[in-house]
Participant: 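Can you keep this structure in mind? I'll have questions shortly.
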Amino acid sequence: MRFSVVAIVAAVVAVASAQDLNPLYPFKPDGPCISKCLTDVGNKMMPGVFTSDPANPNFLKSLGLAHDRGTPKYTAYMTDTGTCFLSSGCPMAEQNLYREQYIAKAKWYAEKLDEAEKGVAPSGNPSTPTSSAGTPGASTVPNAAAGSAAVSGFVGAAAVLAAAALF
């Protein structure tokens, strides 16, 4: 009985966590320390251009710093961000998440870059979202923050129930 409750709660937590992903860039967000390092180094290398916003037209260009292997900018960016991770004392959990997602992010970047170079419409992840009124950059997800808060509360409650089932 305990195992089935734990399995059900684990499945619910996994589904709820997946719902928090940005449909434009379907990866878990980097933690605050890692994000700050990536953004600070990116802004230093591409002032006024670098962005971590998937809806921004410069997003693919910005990701190129981390994924265009073999270029001087890639080497400098990866060296400087890695140094920042360590010198800022970024938590190991954040560093591990960054490493765990890196290969999938690189693959996603390569696919989107290929689509952009071929002039193909993005596959499921528009680079410039439009609202129902057709305004570029406007969100198409109503009450996304409210939905995210509800999911987070549900995940917390599920975790408490799972812990209680173990005792």
Side-chain angles (χ1 to χ4, degrees), residues 10-11 13-131 135-141 144-149 151-153 155-156 159:
V13 169
V15 169
S17 295
Q19 292 174 352
D20 283 341
L21 300 180
N22 183 333
L24 298 177
Y25 190 59
F27 299 97
K28 294 177 186 173
D30 295 309
C33 185
I34 296 293
S35 291
K36 182 175 180 349
C37 287
L38 298 173
T39 301
D40 288 351
V41 173
N43 284 329
K44 182 178 80 174
M45 295 180 69
M46 297 171 63
V49 176
F50 184 85
T51 182
S52 58
D53 177 6
N56 187 306
N58 289 321
F59 185 61
L60 275 181
K61 185 184 298 185
S62 299
L63 282 181
L65 291 176
H67 300 295
D68 286 336
R69 299 186 88 157
T71 66
K73 284 186 176 187
Y74 167 84
T75 302
Y77 182 77
M78 296 305 279
T79 300
D80 290 354
T81 55
T83 301
C84 181
F85 295 171
L86 297 175
S87 66
S88 298
C90 291
M92 192 53 66
E94 289 185 29
Q95 293 182 48
N96 289 339
L97 176 64
Y98 179 79
R99 279 191 290 275
E100 289 166 5
Q101 297 188 107
Y102 182 82
I103 292 173
K105 286 179 178 181
K107 182 180 177 192
W108 183 93
Y109 167 75
E111 290 170 358
K112 298 305 172 197
L113 188 62
D114 187 51
E115 289 173 2
E117 288 173 352
K118 290 179 180 176
V120 176
S123 59
N125 296 327
S127 59
T128 307
T130 57
S131 70
T135 307
S139 175
T140 58
V141 182
S148 181
V151 168
S152 296
V155 170

Participant: How about E94 and P32: do any of their side-chain heavy atoms sit closer than 4.5 Å?
Facilitator: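 Touching, per the 4.5 Å side-chain cut-off.
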Participant: Can you confirm whether P91 sits close enough to C33 that some side-chain heavy atom of one is under 4.5 Å from a side-chain heavy atom of the other?
Facilitator: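 Yes, at least one pair of side-chain atoms sits under 4.5 Å.
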Participant: Distance from M78 atom CE to F85 atom CZ, nearest 0.5 Å?
Facilitator: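 Spacing of CE (M78) from CZ (F85) equals 7.0 Å.
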Participant: How many angstroms lie between CG in L63 and OH in Y109, if you round to the nearest 0.5 Å?
Facilitator: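 Rounded to the nearest 0.5 Å, the CG-OH separation comes to 7.0 Å.
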Participant: Can you check whether S52's main-chain N or O pairs, donor with acceptor, with S62's side chain at less than 3.5 Å?
Facilitator: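 A pair under 3.5 Å: no.
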Participant: Does any part of the side chain of K44, heavy atoms only, come nearer than 4.5 Å to the side chain of D80, both counted from C-beta?
Facilitator: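 D80 reaches K44 side chain to side chain.
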Participant: Quick one: closest heavy-atom pair of D30 and S35, and the distance?
Facilitator: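 Between these two residues, the closest heavy atoms are O-OG, 3.3 Å.
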Participant: Heavy-atom count check: over 12 atoms from other residues, nucleotides or ligands less than 6.0 Å from K36 NZ?
Facilitator: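 Open.
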Participant: Say you draw a straight line from CZ of F50 to CG of N56; how long is it, rounded to the nearest 0.5 Å?
Facilitator: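 Answer for the CZ-CG pair, F50 versus N56, is 10.5 Å.
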Participant: Kindly assign one of parallel, tilted or perpendicular to the pair F59 and W108, based on the angle between their ring planes and the thresholds 30° and 60°.
Facilitator: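 Judged by the thresholds at 30° and 60°, the geometry between F59 and W108 is perpendicular.
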Participant: M46 versus T51: any side-chain heavy-atom pair under 4.5 Å?
Facilitator: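 They are not in contact (no side-chain heavy atoms under 4.5 Å apart), so the answer is no.
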Participant: If you round to the nearest 0.5 Å, how far is CD1 of I103 from NE2 of H67?
Facilitator: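 Nearest 0.5 Å value for the NE2-CD1 distance: 11.0 Å.
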Participant: Is there a side-chain contact between C37 and S88 (heavy atoms, below 4.5 Å)?
Facilitator: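 Side chain of C37 against side chain of S88, heavy atoms only: contact under 4.5 Å found.
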Participant: Test your reading of the model: is there a side-chain donor-acceptor pair from Y77 to the backbone of L38, 3.5 Å cut-off?
Facilitator: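 Yes, the answer is positive, given that a donor and an acceptor are paired below the 3.5 Å cut-off.
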Participant: Backbone N or O of T39 within a donor-acceptor pair of the N43 side chain at under 3.5 Å?
Facilitator: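 The answer is yes, because a donor-acceptor pair under 3.5 Å joins these two groups.
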Participant: Roughly how far, to the nearest 0.5 Å, is CD1 of I34 from OG1 of T81?
Facilitator: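 Reported value, rounded in 0.5 Å steps: 8.5 Å.
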Participant: SG to SG, are C84 and C90 under 2.5 angstrom apart?
Facilitator: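 Unbridged: C84 and C90.
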Participant: CZ/R99 to CE/M92 distance, rounded to the nearest 0.5 angstrom?
Facilitator: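 Rounded to the nearest 0.5 Å, the CZ-CE separation comes out at 6.0 Å.
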